[in-house]
Amino acid sequence: MSQRFYITTPIYYVSDKPHLGHAYTTIVADALARYHRMHGHAVRFQTGTDDHGQKIARLAEQAGTTPKAYADKYAETYLQTWRTLDITNDDFIRTTDPDHEAVVAELWRKMAEAGHIYLGDYEGWYCVACEQFYTEKELLPGNVCSVHKRPVDRIKESSYYFRLSAFAEPLLAHYEAHPEFIQPENRRNEVIAFVKSGLQDLSISRTTFDWGVPVPGAPGHVVYVWLDALTNYYSATRRSDEAKPFWDDPDAQIVHMMGKEISRFHAVYWPAFLMAAGWRLPTTIFAHGWWTVEGEKMSKTRGNVVDPIVVSGDLGVDAFRYFVLREIPLGNDGDYSREGLLARYNAELANDLGNLLNRTLGMAQKYFGGHVPVPSEDYAGTLGELFDRTLEQVEREMRAFQPSRALTAIWELVRAGNAYIDQAAPWSASESRRATILSTTLALVHGIAHLVSPFLPERAAEMLRQLGRPGEKPSWPTFSPGQGWSVTAPVPLFPRLDDDRKAALLAKWAPKAEAPAPVAAPPTAAPAAAALSSPATNGKPLISFADFEKIELRTAIVRVAEPVPKAKKLLRLEVELGAERRQIVSGIAEAYAPAELVGKTVVVITNLEPATIRGVKSEGMLLAVGGQAILGLCTVDRAVGGGEPVK
Ligand code: MSP
């Protein structure tokens, strides 16, 4: 029976539409799936969305919609993007799918029956953006999440616990016995060190919101979003008889591909849950690195988020796929440079690969009217040997999850093909020698069309069409010059970009920083008579620097937050400005729950005249984002403490 290969991507949060990072993991998984299909293996490729959790519940609330409607909207953007990027996933799972929810409940029951779950109280820190509990030690000063650089929430609630501490030894034994389990090596070492440092039991249910899978037999509790999400890898294989063997067959290779930031969930929690339920473990957890863009973290505020749909629309899907697969060895961090993308496009796609096809077909047309006869000599020579060596290399690299290195090897072959044409000089050869040279290059380009198909599926199909093999199914190629060829006229595979086109693309892709956030209230004093206004000031008068200096802005840490009775928009806050504590009434109750605010570092206008609002004294004002509705709060991107001046 053919080998089974089950490959997964993380299921992505439905908090926004996909960007370069999400596309990267999915394209890598797609290339691996296509590569295994080429070998005739039984392949299952799974992706989907992570719909539950407090993050989505909050975003939906802020958007004034239901969590399900919010999730539906963004799940659709993922589906559309994968369609555009030629992703060949066999299934798309969502954690709101009822059959998935049933498997989550089943896993819970199994773990509970085996005595690995108990009820307790959780008190500690939680980062909603990570959907992760943290110990004080793991946070930056001021209780700030080290990933999101935002203050985390303090939570205190009844919670079920998973006896993770009992799994440290079994996990370490598994890592030891299966060196392939966590890859690459640096991640493996990191995870081993983490487990060796001691595992604490894990809180696996929440009670303060209900957007999740209900805990079986425990009303009011929903399953912790990561336990719910990780289960998708298994639940997706329960959906059909066709899918089941991809988990049940002990010889099936199961590979979870993801970014390095979530390796702990996959390499520690997930196998521990599976051990607790007595289910089999995946074969490999591969954690790849992170992309920055022109040296900077991708972020909406910087306006540098790379949209795969835009780039693919401008340059072709396969150019985008090629660049992300080729640019960084899987596992390393890397930088996305727009100029780098254009340089690779022209040099490697238009020039190396495009020219090889173009020259070969051009000569076939010129000398043989498109019909190259079977050569009289059977000639593969050194090119044939290089071809076979390249196949071995591609095979080795793809088995080691290194699409970038596989592409490097293929491109050496492409360049060798161009060099062969230069040396063999068909233009000055005899007719029979020409037939040999052209048959050889046609065989080479045909093999290359198959070899590049996991990476450039659409352009590979186009190469096959031009080679007179339309619709040929990608398969592991052989080098066989001894056949007659009927080919079409060449059409450029990757039209070369001239300087004007490159400049236009760079201008189009340049980061567009979002407009600075408007403040919640107008400045206190504006000199009316001398005022100038312009479109850029939104109709408000220009103010002098001296005017601006009249406003005293300082950082403050929220220590207490509670509703103001009978005022649905207002919260009473106690904030700490260094040694000083103040009370502020703020109209943000519709956008923030009190518990979310405690611990946040905000920006406060401290010299605003005190006012009494609904009988409560207010000594200052928080800066918030939004017009009628509050969209967010101005917080600070580092742990700076309260009372620091803001200017
Ligand atoms: N929902 C969880 C995963 C649950 S899996 C059981 C989640 N979702 S996510 O939407 O935040 O996606 C994280 C993944 O997106 C990363 O693991 C990685 O695959 C990809 N990337 C997001 N940004 C990235 C970069 N800047 N660079 C590379 N990949 C990154 O975490």
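The model shown is predicted, which means the values in this text are computed figures rather than measured ones. Ligands are counted one by one from 1 in listed order, and the atoms in each one are counted from 1 as well.
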Please could you name the atoms of ligand 1 that [X] approaches to less than 4.0 Å, counting only its heavy atoms?
X	result
H288	19 (O), 28 (C), 29 (N)
E261	13 (C), 14 (C), 16 (C), 17 (O)
L230	6 (C)
D50	1 (N), 2 (C), 4 (C)
T25	18 (C), 19 (O), 20 (C)
Y12	8 (N), 10 (O), 12 (O), 14 (C), 15 (O)
M298	26 (N)
G289	28 (C)

| query | Aromatic rings F286 and F401: how do their planes relate, parallel, tilted or perpendicular, breaks at 30° and 60°? | reply |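 Ring orientation of F286 relative to F401: tilted.
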| Under 30°, 30 to 60°, or over 60°: which ring-plane class applies to H36 and H41, parallel, tilted or perpendicular? |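 Tilted, since the angle between the ring planes falls between 30° and 60°.
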| request: Would you check, one step at a time, whether the test side-chain hydrogen bond (donor to acceptor under 3.5 Å, both in side chains) holds for Y78 with T26? | output: CA-CA 11 Å; Y78 274 91; T26 313; over 6 Å; no
| said: With heavy-atom distances below 4.5 Å as the criterion, would you say the side chains of V191 and V268 are in contact? | reply: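 Sidechains of V268 and V191: in contact.
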Rounded at 0.5 Å granularity, tell me how far [atom1] in [X] sits from [atom2] in [Y].
X	Y	atom1	atom2	answer
I27	L32	CD1	CG	12.0 Å
Y70	Q62	OH	CD	8.0 Å
L171	I182	CG	CD1	8.5 Å

Nearest protein heavy-atom contact for [atom]: which residue, which atom, what distance?
atom	answer
atom 27 (N) of ligand 1	W291 N, 3.0 Å
atom 15 (O) of ligand 1	H22 CD2, 3.3 Å
atom 23 (N) of ligand 1	H19 CE1, 3.4 Å
atom 3 (C) of ligand 1	I11 O, 3.2 Å
atom 7 (C) of ligand 1	Y13 CE1, 3.4 Å
atom 20 (C) of ligand 1	G21 O, 3.6 Å

| Has Y233 got any heavy atom lying under 4.0 angstrom from an atom of ligand 1? |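 Yes; Y233 lies near enough to ligand 1 that a heavy-atom distance drops under 4.0 Å.
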| message | Please determine whether any non-hydrogen atom of W226 lies less than 4.0 Å from an atom of ligand 1. | response |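 Distance cut 4.0 Å: W226 passes for ligand 1.
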| Would you say K110 has more than 12 foreign heavy atoms packed within less than 6.0 Å of its NZ? |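 Not buried by this count: 12 neighbours or fewer within 6.0 Å.
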| query | Do any N/O atoms on P10 end up under 3.5 angstrom from N/O atoms on ligand 1? | reply |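 No; every N/O pair is 3.5 Å or more apart.
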| said: Quick check: Y234 with W279 (ring centres under 6.0 Å apart)? | reply: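 Here the rings of Y234 and W279 have centres that are less than 6.0 Å from each other.
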| Would the F323 and Y336 ring centres measure less than 6.0 Å apart? |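 Yes, ring centres under 6.0 Å apart.
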| request: State whether the side chain of H22 and the backbone N or O of P10 hold a donor-acceptor pair below 3.5 Å, judged by distance alone. | output: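 A pair under 3.5 Å: no.
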